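Presented below is the structure to which this report refers.
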2 protein chains.
Amino acid sequence: MTKQLTFKNLPHKTIERLSQYRRALLLCLSNGKTHIFSHEIAKIQHITSVQVRRDLMLIGYSGTLRKGYNIEELINLIGNIIDSEEGINVAIVGMGNLGRALINYFTGKRHKLEIVAGFDTNPDKIGNRFSGVECYSITELNKIIKQKDIKVGIITVPADQTTETAKTLVKAGIKGILNYTPKPIDVPDDVYLEEYDMITTLEKVAFYVKMSDE
Amino acid sequence: MTKQLTFKNLPHKTIERLSQYRRALLLCLSNGKTHIFSHEIAKIQHITSVQVRRDLMLIGYSGTLRKGYNIEELINLIGNIIDSEEGINVAIVGMGNLGRALINYFTGKRHKLEIVAGFDTNPDKIGNRFSGVECYSITELNKIIKQKDIKVGIITVPADQTTETAKTLVKAGIKGILNYTPKPIDVPDDVYLEEYDMITTLEKVAFYVKMSDE
DNA sequence: TTTGCACTGTTATAAATTTAACAACCATAA
DNA sequence: TTATGGTTGTTAAATTTATAACAGTGCAAA
């Protein structure tokens with residue numbers, strides 16, 4: 001009869017929104033705000049206040065009537081849910097523009113989630129650091145992944161190297177893969193896979209723009 | 001009683017999958033294949049064959065029993081649905097790593113969808129070409145958008161410039177925006193907006209990796 | 001022929017997700 | 001004191017999306 005103690009069955013979309021709420025809340029906090037209403041969060045995220053309240057209900061957080069939610073408390077709670085206590089190490093395979101862009105985005109922002117290695121085949125890149133992240137040869141991938149206890153791999157290699165890269169990562173014992181190439185990959189069931197295809201998204205935007213014309 | 005002639009109410013997810021089917025089909029075609037079964041498409045995309053058949057039903061395409069779908073025909077049909085006949089011009093605002101990565105991805109691949117301009121504030125970039133795309137000063141944005149009839153804008157600027165960039169694009173009359181910064185933006189109802197946040201996705205992967213441990 | 005099989009196309013059902021509806025609460029003002 | 005208004009938390013309904021079930025079809029083998 002007690003509240004759930006694990007968060008294993010939170011809806012996927014709720015997990016995504018929690019991450020977004022946290023980012024928005026951190027910004028509010030840095031602006032000196034201490035409390036926030038559900039409709040304020042909703043406005044920022046382009047969703048309804050009901051959805052916000054429902055998500056917070058699912059994680060068992062209660063606000064104060066007419067005062068809203070305590071921003072700091074909520075940030076901490078979301079952290080307890082989505083972060084791993086001991087932190088998770090991440091590697092980027094493919095240090096081209098996209099790989100380096102991702103490193104810039106992340107570096108120094110999420111202390112519980114750190115990019116600790118980059119990999120590439122280009123000898124000019126190997127040995128260098130990009131925003132503080134060292135680039136290794138892909139031939140060392142297996143070794144480094146184990147050495148640094150890397151659990152998540154981001155694939156940003158050219159499309160034709162995607163399949164091979166994924167295999168290498170899986171063989172090295174990676175637990176989660178985020179594939180940014182347009183080529184879908186196959187992974188064993190025990191590896192969590194998320195794929196995002198920028199071309200698809202742009203084509204979708206173009207489609208709805210076209211539709212609005214007709 | 002006739003079949004639908006417009007595709008305005010295709011599910012959003014179907015639109016996304018159509019784009020992905022096409023990409024997979026183009027690859028198959030270049031490998032010399034002429035026909036494909038629903039379960040083959042499904043395997044590539046990590047979905048079920050039912051879903052594939054359902055999507056194709058929605059767009060009114062019929063395959064041949066025991067022979068599958070004609071790849072070339074299907075590619076053309078998908079093109080008729082999601083592409084705009086006269087093509088759509090796209091601009092990228094923010095020619096950092098991410099912007100340049102996107103240009104590399106797209107250039108020369110989608111003839112009905114072309115990146116025709118980049119914008120930045122950095123004087124070192126302005127006037128240069130990146131993978132054939134010229135970089136203009138952001139002060140010229142309004143002029144160039146109209147001159148080149150650009151309908152879609154991709155935002156890849158640093159987070160703190162996001163809001164301003166979005167405003168500028170909207171004011172210039174853009175019809176669709178794809179926002180890759182972690183900062184949500186507001187746009188009028190007649191502008192189609194798609195936001196994608198790389199940090200959220202990585203945090204999601206990390207969450208499910210953490211969960212699989214517990 | 002006939003039977004079985006491997007597909008497609010479609011309708012029916014289920015699952016996931018969002019939205020609506022509303023009771024409960026309490027600060028404030030009349 | 002009593003009403004008003006704004007906000008939370010929760011249950012119910014609607015919508016969207018995915019899955020299952022199955023009829024229909026025609027090739028291939030017996």
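Letters go in sequence order (proteins before strands), and every chain restarts at 1. Note that the structure is a prediction, hence the values are computed from the model and not measured.
Residue A:Ser62 places at least one side-chain N or O closer than 4.0 Å to OP1 or OP2 of D:dG9.
Distance, B:Leu58 CG to C:dT11 P: 11 Å, rounded to whole Å. Distance CG (B:Asp55) to P (C:dT11): 16 Å, rounded to an integer number of Å. If you measure from atom NE2 of A:His35 to atom C1' of D:dT8, you get 14 Å, rounded to the nearest angstrom. A straight line from CG of A:Asn9 to P of C:dT17 spans 12 Å, rounded to a whole angstrom. For the pair B:Arg53 CZ and D:dT19 P, the computed distance is 13 Å after rounding to whole Å. The NZ atom of A:Lys13 sits 10 Å away from the C1' atom of D:dT16 (whole-angstrom rounding). B:Tyr61 places its OH atom 18 Å from the C1' atom of C:dT10, with the value rounded to the nearest Å.
Proximity note for B:Pro11 (side chain, C-beta onward) versus D:dT19, C:dG9, D:dT17: the nearest is D:dT17. For B:Gln51, the listed nucleotide lying nearest its side chain is D:dT19; candidates were C:dG9, C:dA21, D:dT19. Of the candidates C:dT8, C:dT18, C:dT10, the closest approach to any side-chain atom of B:Ser38 belongs to C:dT8. The side chain of A:His12 has C:dT17 as its nearest neighbour among C:dT17, D:dT11, C:dT8. The side chain of B:Met57 sits closest to C:dT11 out of D:dA21, C:dT11, D:dT10.
Evaluation of atom-type donor-acceptor distances gives no pair under 3.5 Å for the side chain of B:Arg54 against the base of C:dT10.
Between B:Ile47 and A:Phe37, the residue anchored closer to the 5' end of DNA chain D is A:Phe37, taking for each the nucleotide with the nearest heavy atom.
A heavy-atom distance below 4.5 Å is not found between the side chains of A:Thr168 and A:Asn142. A:Ile154 places none of its side-chain heavy atoms less than 4.5 Å from the side chain of A:Ile177. Counting only heavy atoms from C-beta outward, the side chains of B:Met95 and B:Phe130 approach each other to under 4.5 Å.
Defined by atom type and a distance below 3.5 Å, a donor-acceptor pair is present between the side-chain atoms of A:Asn179 and A:Glu195.
Other residues, nucleotides and ligands contribute more than 12 heavy atoms inside 6.0 Å of the CD atom of B:Gln147.
Among all heavy-atom pairs drawn from A:Pro182 and A:Pro184, the shortest one is O-CD, 3.5 Å.
Of the residues in residues 63-72 of chain A, A:Leu65, A:Arg66 come within less than 4.0 Å of DNA chain C through at least one heavy atom, sorted by number.
Ring orientation note: the planes of B:Tyr196 and A:Tyr180 are nearly perpendicular, at an angle over 60° on the 30°/60° scale.
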